[in-house]
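Numbered from 1 within each chain, the chains take letters A, B, ... in sequence-line order. What you see is a predicted model; the values in this text were computed from it and never measured.
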2 protein chains.
Amino acid sequence: MSATENQQLKQVLREHELKATTQRIALLKLLDATHEHFDAEEIYLELLKKEKNVSRATVYRSLEALAEQDLVTRLDFGDGRMRFERSKGEDEHHDHLICEKCGKVIEFFNLEMEAQQLSVCEENDFTPSTHTMHIFGTCSDCRTSQ
Amino acid sequence: MSATENQQLKQVLREHELKATTQRIALLKLLDATHEHFDAEEIYLELLKKEKNVSRATVYRSLEALAEQDLVTRLDFGDGRMRFERSKGEDEHHDHLICEKCGKVIEFFNLEMEAQQLSVCEENDFTPSTHTMHIFGTCSDCRTSQ
DNA sequence: TCCCAAAATAAGAATGAATCTCATTTACAC
DNA sequence: GTGTAAATGAGATTCATTCTTATTTTGGGA
């Protein structure tokens, strides 16, 4: 809960032309503090614990604004609700292996695959902005214990 | 509207241990007749035109049953509703380029990318079942006309 | 061909994530 | 400190999807 961290986040928000509201700062702080992929409701509940005043609408609107500025990243694991993580730098981009049994998410990065994606875009005269690569299946734990 | 096609689809359904109801036959026939990626509501409206009696619930339940048997494939383009297509054979699998401006969907297949996916799974001791690879961006038409 | 139990369907109610509305509050440039 | 544009809270609303229940259909057997 360092004042310094608050100042840094305020700075970050302003650099992205977003007003530094307490709710947005708290949201970024929460996502910075975890590696988990929270959904909006989880974020809402976590923020409620810390700041007394937050509404779901603000959580959704903040996440939208932050995602637009690429300060957070939306993750769609295909289960009907969006998850969010603090955006990683270009060099920290990763895709996901998703276990259909236990829900575990394994992050991975494969340079060759990224290269192939660019090549496909070129072939189709397509300018990429983002991509999602999700492999669904069974993780080793679930395969073993079953 | 050949009786032969109906018979074939009945056969297909029974081979997959699904009762051959008129609604399911009509649904498969519809998806067989098009290359488009319909969502559930579009399928419902199309079926309403042809068969007088269909309900949304049946469309959703049929799609679920058919997807379970891999007779249809769910497509999640990240816009909040699922789309569906008739399942292609293993050899006809493809991924998608999705234009964020006009919504156009370009299908592609890249063998090297598929190989890399398997390699990533091996590295992580993960048994894959399905995957989705979606690249979002701008198609050539939209880039030009803008 | 007729019968019957199990399964599927129709219609609309219910759910749940996400968005919108509008009155109130807050951020921040001056 | 002030004013104004932007952000927020609370709850209503939307929209895709799922559930409920009474009714109908399917398909195996008499």
(message) Check whether B:S87 reaches the backbone of B:D70 with its side chain - one donor and one acceptor, N or O, closer than 3.5 Å.
(response) yes

(request) Could you tell me the separation between the CD atom of B:E64 and the P atom of D:dA16, rounded to a whole number of Å? (result) 18 Å

(message) Rounding to an integer number of Å, can you tell me how far A:R61 CZ sits from D:dA10 C1'?
(response) 10 Å

(message) If hydrophobic clusters are built from ILVMFWY residues whose side chains come within less than 4.5 Å, do A:L45 and A:M82 share one?
(response) yes

(request) Would you tell me if any nitrogen or oxygen in the side chain of B:T58 comes within less than 4.0 Å of OP1 or OP2 on C:dA10? (result) yes

(request) Would you indicate, yes or no, if C:dC28 has its OP1 or OP2 atom less than 4.0 angstrom from a side-chain nitrogen or oxygen of A:R14? (result) yes

(request) Provide, to the nearest angstrom, the distance between the CE atom belonging to B:M82 and the C1' atom belonging to D:dA16. (result) 11 Å

(request) Describe the nucleic acid contact of A:R56 in one word from base, sugar-phosphate, nothing, applying a heavy-atom distance below 4.0 Å. (result) nothing

(request) For A:Q23, answer base if it contacts any base atom (sugar-phosphate contacts may also be present), sugar-phosphate if it contacts only those atoms, and nothing otherwise; contact means non-hydrogen atoms under 4.0 Å. (result) sugar-phosphate

(request) Please figure out whether B:G80 or A:A57 has its closest DNA chain D nucleotide nearer the 5' end. (result) A:A57

(message) Using a 4.0 Å heavy-atom cut-off, does B:R24 contact any base of the nucleic acid, only the sugar-phosphate backbone, or nothing at all?
(response) sugar-phosphate

(message) From CD1 of B:I25 over to C1' of C:dA8, roughly how many Å is that when rounded to an integer?
(response) 13 Å

(message) Rounded to whole Å, how long is the line connecting atom CG of A:L63 with atom P of D:dT8?
(response) 11 Å

(message) Between P on D:dA6 and CG on A:L18, what's the gap in Å once rounded to a whole number?
(response) 13 Å

(message) Measuring to OP1 and OP2 of D:dT17, would you say a side-chain N or O of B:Y60 lies under 4.0 angstrom away?
(response) yes

(request) Name the nucleic acid region contacted by A:N53, choosing base, sugar-phosphate or nothing; use a 4.0 angstrom heavy-atom cut-off, strictly under. (result) sugar-phosphate

(request) Could you please spell out the steps behind the side-chain contact (heavy atoms from CB on, under 4.5 Å) verdict for B:T73 and B:T130? (result) CA-CA 10 Å; B:T73 302; B:T130 61; over 6 Å; no

(request) Using only heavy-atom distances, determine whether the side chains of A:S129 and B:E100 contain a donor-acceptor pair under 3.5 Å. (result) yes

(request) Using whole Å, report how far NZ of B:K19 lies from P of C:dA5. (result) 13 Å

(request) May I ask you to decide if A:V54's main-chain N or O and A:T58's side chain share a donor-acceptor pair within less than 3.5 Å? (result) no

(message) Quick check on C:dT9: is either OP1 or OP2 less than 4.0 Å from any side-chain nitrogen or oxygen of B:T21?
(response) yes

(request) Mind calculating the distance between CG (A:L66) and P (D:dA7) to the nearest angstrom? (result) 11 Å

